[in-house]
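See below for the structure under consideration.
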Amino acid sequence: MMDRVVEWIFALRTVFAVAIALLIGGVLMLLAGSDPVAGYQALFGEAFFDYWGIGNTLVKTSPILLAGLAVVVPLRAGLYNIGGEGQIYLGGLFATVVGLALPEMPSYAGIPIVVVAAMIGGGLWAAIPGYLRAYHGINEVIVTLLMNFIGIHIVSYAVSGPLLAKSAPYPYSEELPEFLHLPILMPETDTHIGAMAGLLIAVVIYLFFRYTPSGFAIDTVGRNPEAAQYAGIAVRKQMLRSMILGGCLAGLAGGFEVIGLKYRLFHLFSSGYGFDGIVVAFMALASPILVPVAAFFLAGLQAGAGAMQRVAGVERSIVDALQGLVVIMLAASLAMRADRFGILSYLRARRASLILPAAKKAS
């Protein structure tokens with residue numbers, strides 16, 4: 001019984017990590033002369049209990065959720081996709097180019113075309129590090145990380161040159177036609193259907209890994225590539241496939257930002273959503289079904305940061321430190337396992353020492 005309790009405690013270690021981060025954040029607020037209770041009331045009240053605040057949280061949830069799934073899918077194959085940010089930018093670029101080239105048509109036809117274009121952009125960008133890792137053994141962490149900057153600069157060049165809008169005071173493209181705008185989910189807010197689409201995609205990916213042969217093959221490669229190879233699974237093919245699928249999801253996040261929120265391609269249009277996706281993926285323990293919850297929470301932290309400053313007078317540096325603490329505590333919690341500290345071994349040995357004498361005595 002006790003070992004089951006310990007296993008549950010360690011299974012919920014990310015929850016405890018977030019709680020500890022919030023506690024340390026409260027101490028920092030006290031040291032800075034702010035009221036932590038008022039600060040957290042403002043943060044969570046605006047982010048999760050106010051109509052406009054929830055709308056803002058859902059707007060941020062959409063790209064963070066999809067970026068988190070973009071990390072989870074390759075992670076299940078044993079790959080680390082650190083290139084979500086660059087894939088988001090390429091997805092936004094492809095969506096913009098295709099959207100500006102489309103003739104007038106119904107939204108139900110135009111939006112899927114742009115969505116597919118965004119996914120193709122992100123998928124192609126992710127295919128490069130996926131191919132290099134699968135067929136040449138080149139570390140995908142380094143390649144995806146460096147390709148982020150290349151993708152960002154490609155978009156910066158595009159909106160400063162070929163796609164620059166006429167008389168634009170800032171590098172951005174022409175506005176996409178209205179028939180390509182995503183439907184609004186909450187009236188009088190910027191909340192579009194992207195978050196709901198991301199939730200549906202998370203469920204589909206969960207079912208994909210749980211019930212399909214392709215999902216099982218990717219999972220097997222991630223758990224034990226040698227065993228997968230022995231079982232006849234094309235390990236390299238599954239690695240490449242998982243990376244492309246992750247890139248498609250990140251590209252979709254970029255496409256949704258363009259057609260759901262900004263309606264045009266901007267220089268530096270993503271505020272680090274690709275990197276937020278890494279945090280979300282590990283917060284969810286690489287489970288697609290938990291990614292929406294983690295993404296919603298992290299989006300709420302970002303959305304409620306302004307309220308902490310306005311209402312409780314918490315300095316912006318404290319808010320940034322709080323988000324950094326969440327990341328650090330999560331990283332530390334992921335390194336903690338009950339078996340690593342010998343807790344489960346001790347409990348099982350203790351139980352055996354009590355059961356065996358009792359069994360001998362009974363016999």
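From a predicted model like this one, the values you see are computed outputs, not experimental measurements.
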#### Entry: Value rounded to 0.5 Å, distance of CD1 in Ile128 from CD1 in Ile150
8.0 Å

### Whether Tyr40 and Phe44 hold their rings parallel, tilted or perpendicular, with breakpoints at 30° and 60°
tilted

#### Entry: Nearest atoms (heavy-atom pairs only) where Leu65 meets Ala195
CD1-O, 4.2 Å

### Task
Check Ala281 against Val72 and note the closest heavy-atom contact, atom names and distance.
CB-CG2, 3.7 Å

### Task
Specify the closest pair of heavy atoms between Arg241 and Ser214, including all atoms of both residues, with the distance to one decimal.
NH1-OG, 3.8 Å

### Message
Just verifying a value: how many Å separate Asp276 CG and Leu301 CG, rounded to the nearest 0.5 Å?
### Response
10.0 Å

### Message
Let's go through Val18 and Phe297 carefully: what are the C-alpha distance in whole Å and the side-chain angles of both, what is the deciding distance for side-chain contact (heavy atoms from CB on, under 4.5 Å) to 0.1 Å, and is it a yes or a no?
### Response
CA-CA 10 Å; Val18 172; Phe297 175 76; 3.4 Å; yes

### Query
If you look at every heavy atom in Val291 and Ala284, which pair is closest and at what distance?
N-CB, 3.7 Å

### Task
Supply the atom-to-atom distance Leu93 CG to Ile152 CD1, rounded to the nearest 0.5 angstrom.
13.0 Å

### Message
Can you see whether Asp35 engages Gln41 through a side-chain donor-acceptor pair at a distance of less than 3.5 angstrom?
### Response
no

### Task
Classify the angle between the aromatic ring planes of Phe266 and Tyr172 as parallel (below 30°), tilted (30 to 60°) or perpendicular (above 60°).
tilted

### Task
Would you sort out whether Val143 and Ile82 count as a side-chain contact (heavy atoms from CB on, under 4.5 Å), showing the intermediate values?
CA-CA 9 Å; Val143 178; Ile82 313 299; over 6 Å; no

### Query
Near Phe149 CZ, under 6.0 Å, is it more than 12 heavy atoms from other residues, nucleotides or ligands?
no

### Query
What are the two closest non-hydrogen atoms of Ala127 and Ile244, and how far apart are they?
CB-CG1, 3.7 Å

### Message
Measuring from atom CD1 of Ile184 to atom OG1 of Thr191, what distance do you get when rounded to the nearest 0.5 angstrom?
### Response
7.0 Å

### Task
For Phe216, look at atom CZ and say whether over 12 heavy atoms of other residues, nucleotides or ligands are found less than 6.0 Å away.
no

### Task
Answer yes or no: is there a side-chain heavy-atom contact under 4.5 Å between Ile205 and Leu249?
yes

### Task
Working to the nearest 0.5 Å, report the span between CG of Leu245 and CG of Leu240.
11.0 Å

### Message
Looking only at side-chain N and O atoms, does Ser270 offer a donor or acceptor that is under 3.5 Å from a partner on Glu85?
### Response
yes

### Query
Do the non-hydrogen side-chain atoms of Leu164 and Val159 ever get within less than 4.5 Å of each other?
no

### Task
Please say whether more than 12 non-hydrogen atoms of neighbouring residues, nucleotides or ligands are located less than 6.0 Å from OH in Tyr157.
no

### Message
Has Ser62 got a side-chain atom pairing as donor or acceptor with Val59's backbone, closer than 3.5 angstrom?
### Response
no

### Message
Is it the case that over 12 heavy atoms from other parts of the model lie below 6.0 angstrom from the OH atom of Tyr170?
### Response
yes

### Message
Is it the case that atom OH in Tyr80 sees more than 12 heavy atoms from other parts of the structure closer than 6.0 Å?
### Response
no

### Residue pair Ala197 / Phe256: nearest heavy atoms and the distance that separates them
CB-CE1, 3.9 Å

### Task
For the residue pair His181 and Tyr263, categorise the inter-ring angle as parallel (less than 30°), tilted (30 to 60°) or perpendicular (more than 60°).
parallel

### Query
Can you check whether Ala77's main-chain N or O pairs, donor with acceptor, with Ser242's side chain at less than 3.5 Å?
no

### Query
Has the side chain of His136 got a donor or acceptor atom that lies under 3.5 Å from a matching backbone atom of Ile138?
no

### Task
Determine whether Met243 and Arg133 make a side-chain contact, defined as any pair of heavy atoms from C-beta on separated by less than 4.5 Å.
no

### Task
May I ask you to check whether Asn81 and Gln87 show a side-chain donor-acceptor distance below 3.5 Å?
yes

### Query
Using 4.0 Å as the upper bound for N to carboxylate O, is an ion pair formed by Glu174 and Arg264?
no

### Worked verdict on Met239 versus Val235 for side-chain contact (heavy atoms from CB on, under 4.5 Å)
CA-CA 6 Å; Met239 285 183 173; Val235 173; 3.9 Å; yes

#### Entry: Side-chain (Thr57) to main-chain (Gly53) donor-acceptor, under 3.5 angstrom
yes

